[in-house]
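A short write-up of the structure that comes next.
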Amino acid sequence: MSDTHKTLLRGAKVLGGEPRDVLIEGERIAAVGTGLDADGGTVIDAAGQILLPGLVDLHTHLREPGREDSETVLTGTRAAAIGGFTAVHAMANTFPVADTAGVVEQVWRLGKESGYCDVQPIGAVTVGLDGKKLAELGAMHDSAAGVRVFSDDGKCVDDAVIMRRALEYVKAFDGVIAQHAQEPRLTEGAQMNEGVVSAELGLGGWPAVAEESIIARDVLLAAHVGSRVHICHLSTAGSVEIVRWAKSKGWNVTAEVTPHHLLLTDELVRSYDPVYKVNPPLRTEADVMALREALADGTIDCVATDHAPHPHEDKDCEWGAAAMGMVGLETALSVVQHTMVDTGLLDWTGVADRMSTRPSAIGRLTGHGRPIAAGEPANLTLLDSAYRGVVNPAGFASRSRNTPYEGRELPGRVTYTFLRGRATVVDGKLA
């Protein structure tokens with residue numbers, strides 16, 4: 001029996017515009033207008049709240065299989081729903097690595113079972129993330145998971161020949177290689193951004209050129225073979241310039257930025273608090289401002305969380321021994337509101353584009369990133385943008401607590417998330 005339950009969102013500001021009623025019937029949006037009738041269904045007073053298409057994350061670490069102590073597909077998708085996401089792309093650096101059809105199908109099936117958001121597995125580019133031999137890209141694409149995005153994220157595909165072969169291979173099915181741009185020889189022993197602060201603290205520096213040199217090489221390779229390359233977690237002003245140049249040539253290059261690189265700088269490392277240890281590292285204020293401008297003008301296509309959960313023992317230790325990474329799903333939209341909307345750099349239509357439409361297009365996801373219009377899938381996020389609250393990780397749905405925003409006031413709170421018409425979040429809590 002089909003579920004044709006009706007839900008009426010009354011007076012929502014669709015993409016931040018004029019108030020509209022949005023009627024959801026079953027899995028789809030039935031109507032958008034004024035004075036709509038719920039016809040016996042549930043009515044939600046959405047007055048003053050922003051209605052966005054369900055958010056899509058191109059870069060999530062769900063850790064399952066193998067590191068269920070930090071996150072599982074279930075806990076990660078719950079965190080995603082709380083953050084307003086209806087789809088996430090799960091990175092391949094699991095144990096075992098998602099480098100075969102069997103592992104990506106396992107992750108995909110776990111996503112189906114969890115039900116809090118769609119999980120699209122990302123396949124590894126190379127066997128075991130070792131950078132030596134191409135993984136089963138075709139088999140992963142042909143599997144039930146239908147993989148279109150491949151990445152060795154956490155490691156760089158630093159061999160130019162392997163990278164070229166991968167770019168050539170995925171052309172056959174319109175796939176994309178998502179590169180973690182980090183020249184390994186330039187970052188041996190790196191602990192933070194190379195610059196004034198690293199020199200003063202005596203910590204090993206991760207120079208901007210380690211990122212920029214790989215991006216420069218890879219946009220040239222993508223152009224040479226006529227393929228698609230996506231740059232993960234772009235973090236420097238120089239990287240922005242290279243991507244801008246590649247796009248001006250008409251090359252098929254896309255890029256993402258994380259919320260933390262839009263807000264935090266390497267000055268925070270002076271605290272020696274390992275919660276600020278991340279790869280790529282927090283950069284300078286000048287880099288942060290360049291990233292914001294590039295996201296605003298479209299040079300950077302989308303925001304991706306790089307949600308990287310770790311158990312407390314991997315973070316509650318001295319800086320040098322700590323794992324790199326931050327959780328980000330539950331705070332992403334708040335950070336984007338704070339850095340991009342409240343500063344006037346983006347409007348809510350722009351946020352919908354950078355956090356739903358474009359990531360869906362890059363990942364070739366169907367049913368997500370769609371317009372809020374009659375007949376479209378009801379993947380929706382309702383945000384109380386007037387809300388102000390202090391981040392308290394104790395209340396997170398994620399299994400991990402390694403947020404750099406603890407104790408910081410951020411704007412905005414997701415009140416409802418709908419996945420194909422079904423509420424996964426109600427009044428800010430998991431349904």
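- Every residue meeting the side chain to side chain donor-acceptor pair (under 3.5 Å) condition with Ser114, not counting sequence neighbours, appears here in chain and number order: Thr77.
- Put simply, the side chain of Glu68 gets close to the backbone of Gly66: a donor and an acceptor are under 3.5 Å apart.
- In this structure, the side chain of Thr343 engages the main chain of Met340 through a donor-acceptor pair within 3.5 Å.
- Side-chain atoms of Asp21 come within 3.5 Å of backbone atoms of Leu36 as a donor-acceptor pair (strictly under, hydrogens ignored).
- At a threshold of 4.5 Å between non-hydrogen side-chain atoms, the residues Met326 and Val275 do not count as touching.
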>> With side chain to side chain donor-acceptor pair (under 3.5 Å) as the criterion, how do Ser334 and Thr331 come out once you've worked through the C-alpha distance, each side chain's angles and the decisive distance to 0.1 Å?
In response: CA-CA 5 Å; Ser334 290; Thr331 50; over 6 Å; no
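- Under the 3.5 Å distance criterion, the side-chain polar atoms of Gln182 are left unmatched by any main-chain donor or acceptor of Pro280.
- Contacts of His261 classified as side chain to side chain donor-acceptor pair (under 3.5 Å), with partners at least two apart in sequence or in another chain: Thr258.
- A distance of 10.5 Å separates OH in Tyr272 from CD in Gln191, rounded to the nearest 0.5 Å.
- In terms of the ring pair (Phe, Tyr, Trp, His ring centres under 6.0 Å) criterion, His338 has no residue partners (sequence neighbours excluded).
- In this structure, the side chains of Val269 and Trp319 come closer than 4.5 Å at one or more pairs of heavy atoms.
- To the nearest 0.5 angstrom, Thr187 atom OG1 is 11.0 Å from Glu211 atom CD.
- Checked by atom type and distance alone, the side chain of Glu64 pairs as donor or acceptor with a backbone atom of Val73 at under 3.5 Å.
- In this view, Asp174 and Arg228, Arg364 satisfy the side chain to side chain donor-acceptor pair (under 3.5 Å) rule, not counting sequence neighbours.
- Residues Thr299 and Val240 come closest through the heavy atom pair CG2-O, 3.8 Å.
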>> Quick one, Val341 with Trp348, criterion side-chain contact (heavy atoms from CB on, under 4.5 Å). Give me CA distance, side-chain angles, the key distance, then yes/no.
In response: CA-CA 7 Å; Val341 180; Trp348 288 110; 3.8 Å; yes
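- Residues Leu234 and Ala255 come closest through the heavy atom pair CD1-CB, 4.0 Å.
- Judged purely by distance below 3.5 Å, without hydrogens or angles, the side chains of Arg283 and Ser235 pair a donor atom with an acceptor atom.
- Here the closest non-hydrogen pair linking Asn252 and Ser227 is CB-O, 3.5 Å.
- A donor-acceptor distance shorter than 3.5 angstrom exists from the side chain of Glu105 to the backbone of Ala144, with no hydrogens or angles considered.
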> Does the pair Ile50 and Val351 meet the rule for a side-chain contact (heavy atoms from CB on, under 4.5 Å), with working shown?
Replying inline: CA-CA 11 Å; Ile50 311 292; Val351 172; over 6 Å; no
>> side-chain contact (heavy atoms from CB on, under 4.5 Å), that's the test. Do Leu268 and Asp273 meet it? Break it down for me.
In response: CA-CA 8 Å; Leu268 291 162; Asp273 186 339; over 6 Å; no
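- Looking only at distances, a side-chain donor or acceptor of Asn379 sits under 3.5 Å from a matching main-chain atom of Gly367.
- In this structure, Lys155 contributes its side chain and Gly131 its backbone to no donor-acceptor pair below 3.5 Å.
- By the 4.0 Å N-to-carboxylate-O rule, Glu267 lies close enough to Arg270 to be salt-bridged with it.
- Here the straight-line distance linking atom CZ of Arg420 with atom CG of Leu380 works out to 12.0 Å at 0.5 Å rounding.
- Side-chain contact between Val103 and Val97: absent, with no pair of heavy atoms (C-beta onward) separated by less than 4.5 Å.
- Within the structure, the side-chain hydrogen bond (donor to acceptor under 3.5 Å, both in side chains) test picks out the following pairs touching residues 396-413 (sequence neighbours left out): Glu71-Ser398.
- Rounded to the nearest 0.5 angstrom, Thr86 OG1 and Leu55 CG are separated by 7.0 Å.
- Taking CZ from Arg165 and CG from Leu137, the interatomic distance works out to 12.0 Å, rounded to the nearest 0.5 Å.
- Applying the ring pair (Phe, Tyr, Trp, His ring centres under 6.0 Å) rule to His230 yields no partners; only residues at least two apart in sequence or on another chain are considered.
- Applying the salt bridge (charged side-chain N to carboxylate O under 4.0 Å, His left out) test to residues at least two apart or on different chains, none of the pairs has a partner in residues 73-102.
- By the side chain to side chain contact (heavy atoms under 4.5 Å, CB included) test, Ala80 is found to be paired with Phe85, Val88, Cys117, Leu329, residues two or more places apart in sequence or in another chain being considered.
- Remark: the backbone N or O of Ala304 is not paired with any side-chain donor or acceptor of Asp57 at under 3.5 angstrom.
- The stretch residues 299-319 participates, sequence neighbours left out, in these salt bridge (charged side-chain N to carboxylate O under 4.0 Å, His left out) pairs: Arg67-Asp314, Lys247-Asp301, Asp301-Arg358.
- A donor-acceptor contact closer than 3.5 angstrom links the side chains of His59 and Asp153.
- For Thr415, the side chain to side chain donor-acceptor pair (under 3.5 Å) partners at least two apart in sequence or on another chain are Gln49.
- In summary, of the residues considered (Val253, Ile242, Thr236, Val229), a side-chain contact (heavy atoms from CB on, under 4.5 Å) with Ile215 occurs for Ile242 alone.
- Put simply, the side chain of Ile372 reaches to within 4.5 Å of the side chain of Pro53, judged on heavy atoms.
- Side chains of Leu263 and Arg292 form a contact here, defined as non-hydrogen atoms less than 4.5 Å apart.
- In this structure, Asn193 and Leu282 have side chains that are not in contact, with every pair of non-hydrogen atoms separated by 4.5 Å or more.
- Heavy-atom contacts from other residues, nucleotides or ligands closer than 6.0 Å to CZ of Phe173 number more than 12.
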> After noting the C-alpha distance and the side-chain angles of Leu51 and Val22, does the key distance pass the side-chain contact (heavy atoms from CB on, under 4.5 Å) rule?
Replying inline: CA-CA 9 Å; Leu51 187 65; Val22 177; 3.7 Å; yes
Could you go through residues 424-431 and list every donor-acceptor pair under 3.5 Å that involves a side-chain atom there, pairing it with any protein atom two or more places apart or in another chain?
{"unit_1": "Thr424", "atom_1": "OG1", "unit_2": "Thr417", "atom_2": "O", "d": "3.2"}
{"unit_1": "Asp427", "atom_1": "OD1", "unit_2": "Tyr416", "atom_2": "OH", "d": "3.4"}

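- The CG atom of Leu52 sits 8.0 Å away from atom OG of Ser356, with the distance rounded to the nearest 0.5 Å.
- Within the 4.5 Å cutoff, no side-chain heavy atoms of Glu27 are placed close to those of Pro377.
- Side-chain contact between His89 and Val147: absent, with no pair of heavy atoms (C-beta onward) separated by less than 4.5 Å.
- Between the side chain of Arg354 and the backbone N or O of Leu346, no donor-acceptor pair lies under 3.5 Å.
- Ring pair His310/His312: centre-to-centre distance not below 6.0 Å.
- Within the structure, every pair that satisfies the side-chain hydrogen bond (donor to acceptor under 3.5 Å, both in side chains) test and touches residues 119-148, not counting sequence neighbours, is listed here: Thr126-Asp152.
- A salt bridge links Arg164 with Glu168: at least one charged nitrogen is closer than 4.0 Å to a carboxylate oxygen.
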